[in-house]
Amino acid sequence: MTNASPLAAEDVMKAMEGLGSVDRARTNRLRVIVSPERVREAILRAQGSLGCDHVIQIGIVDNGRVFELHYHLTGPHRTVVTIKTELPRDDARIASSHDLLPPAGIYERQIHDLFGIVFEGHPNLQRLILTEDWPEDEYPLRKDWTMRPDRRYGGSTPEGT
Amino acid sequence: MPEVVVPIGPYHPALKEPVNFKVIADGEIIVRLELDLAYNHRGIEKAAEARDFVRVVPLLERVCGICSHSHTTAFCKGIEEAMGVTVPPRGQLIRVIVAELERMHSHLLWLGVAGHEIGFNTLFMWTWRDREVVQDMLEELTGNRVNYGMNAVGGVRRDIEPPLVARCLKRLSPLEERIRKYADMVRHEPTTLARFQGVGRLTKEQALAFGTVGPTARASSVDYDIRRDDPYIGYADIPFDVVTDGQGDVFGRTLVRIGELLQSVRIVRYALENLPPGPVRVNTPRGAPKAEVLSRYEAPRGELAHFIRTNNTDKVERLDIRTPTLANWTSVAVSLVGSNLADIPVVVAAIDPCLSCTSRITIVDPGRRQTSVMSWDELRAHGIDFYRRKEGV
């Protein structure tokens, strides 16, 4: 396992054939860009022919235009395979991958809490990071989020209520 | 007996993290576990977007009081990768020395806390005394016992003079002897055997499926260690072994951590003896070009990931931090199912998270609609008492 050779870009291209383009950031970082509806298929292929058995993180970026999701996977080959997709800001929803990647369940809850992305089919998309008295429709890590003076964000008020 | 809901936590962020567990138990046996992390979101990721790289480093130092060096190293090496800057070898090895001392103080702290949770307070006192040796070394090397302030983008902020190297080397041998003593002790002491063996068991398949990281995963034969698999800051040239264990229980996690303590001593000794001459830091540009970096780091609790996006400015467009404890929660929920209520403190402590010290536990009996409240200390006392009656330890 230790001396397993890293994945080549060609391996990933072959496994992800028809899903999207593959690029390489450095020796052990490969990335494939797919459309949101094909993310689950890309994860299945990464787990199948590429042998990925560990999800490192689901990275999320709000670049001001769209939300980017980066599913970072790795396996015995010790190469990070990143599946990247973009979601529109006005209707950010994607199929949940909690059944393919069990730890994704908790990461998706976190992303939903902070960015308001809906993971369809998630069994328990409850609040995870923010307090229960945080306003329902505000997502603080979005780039365009600002605090509204007329709202309460939890904690006590100067009047002590 | 009807099922009982036992909510544990959250609220008080004093020393430990606020986490809420809702434990559904049938008598003494746990049937299901629901998790509500939260109550302490400090918005550090958002704040990082508003500060330049120089100012983000002290901010990230405060993500965690124990793994402060882990977060700053993960961030600095990510930004350095984006900038295309190479840290001089001497600076890299100094980073390694602080990183491994941090791992030692964290594991010694854990060993003491695990001892405390099972009522073995002698172990707690001993390991925390030995931890002081590590803390003293960190203070002499960096000027601080916690939040070392050592890292900067481009290298480290302090050099180590030869007399200090000699003093640190002298302290390592007695410390190593003490760690060997603990390795022998936990294998023979009836208390640790009764309370750790077979508790919180996680198979290799489960550990992989639930995305566990660090000593928790390595105790279930999952052979992942970022220091070897994705080498950073000079680990590629340092001789060390990745410690694994096949038992998959709290006992295995203890043995892995003690084994890692010995490996850390070995790494620190090697780094101190082989410090190359030269500068410890290079000047870096103010901004970073458009880049996307996944910076991985083997923190004491497991794999830490910083996903960094830079955009031709001196600030990050996005910093996404995935801490090892978040990755390990899923496995806690799994490994507790089927075990005793009395094992909660030690199984939760075995992944080395932090739980609120003033957490209150409410016991609800749905049959009689009665509610009683139990504190974490009372649950701990219940665990110790349960095993005293059952096993005589």
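When heavy atoms are compared at a cutoff of 4.5 Å, B:V293 does not approach chain A at all. For B:L319, no part lies near chain A; criterion is any non-hydrogen pair under 4.5 Å. Heavy-atom distances place the backbone of B:T212, and not its side chain, under 4.5 Å from chain A. Only the backbone of A:I58 comes within contact range of chain B, with heavy atoms under 4.5 Å apart.
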Derivation and outcome, salt bridge (Lys or Arg N to Asp or Glu O under 4.0 Å), residues A:K143 and B:E49: CA-CA 10 Å; A:K143 285 279 186 209; B:E49 292 174 7; 3.1 Å; yes
Let me see the working for B:R296 and A:T74 under side chain to side chain contact (heavy atoms under 4.5 Å, CB included), right down to the final yes or no. CA-CA 12 Å; B:R296 301 164 78 199; A:T74 189; 3.9 Å; yes
Check the pair A:E68, B:R318 against salt bridge (Lys or Arg N to Asp or Glu O under 4.0 Å), reporting the backbone distance first and the verdict last. CA-CA 11 Å; A:E68 299 172 10; B:R318 169 80 173 130; over 6 Å; no
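Of the listed residues (A:I60, A:V80, A:T82), the greatest number of heavy-atom pairs within a distance under 4.5 Å of chain B belongs to A:I60.
For the side chain to side chain contact (heavy atoms under 4.5 Å, CB included) criterion with B:L294, the lone passing option out of A:R31, A:H70, A:R29 is A:R29.
Between B:D320 and A:Q57 the shortest heavy-atom distance is O-NE2, 3.1 Å. The shortest heavy-atom contact between B:A209 and A:P103 is O-CD, 3.2 Å. When every heavy atom of A:I56 is checked against every heavy atom of B:E303, the shortest pair comes out as CG2-OE2, 3.3 Å. Across all non-hydrogen atoms, the minimal contact from A:R78 to B:D223 is NH2-O, 2.5 Å. When all heavy atoms are compared, the tightest approach of A:P76 to B:Y224 is N-OH, 3.6 Å. Nearest heavy atoms, B:E317 versus A:N63: OE1-CB, 3.6 Å.
Counting heavy-atom neighbours within 6.0 Å of B:R62 CZ, excluding the residue itself, gives a total above 12. The neighbour count for A:E120 CD, taken as heavy atoms of other residues, nucleotides or ligands under 6.0 Å away, is above 12.
Salt bridge annotation for A:D53-B:K204: absent, with no cationic side-chain nitrogen under 4.0 angstrom from a carboxylate oxygen.
Proximity of B:K46 to A:L114: side-chain heavy atoms (C-beta onward) are nowhere separated by under 4.5 Å.
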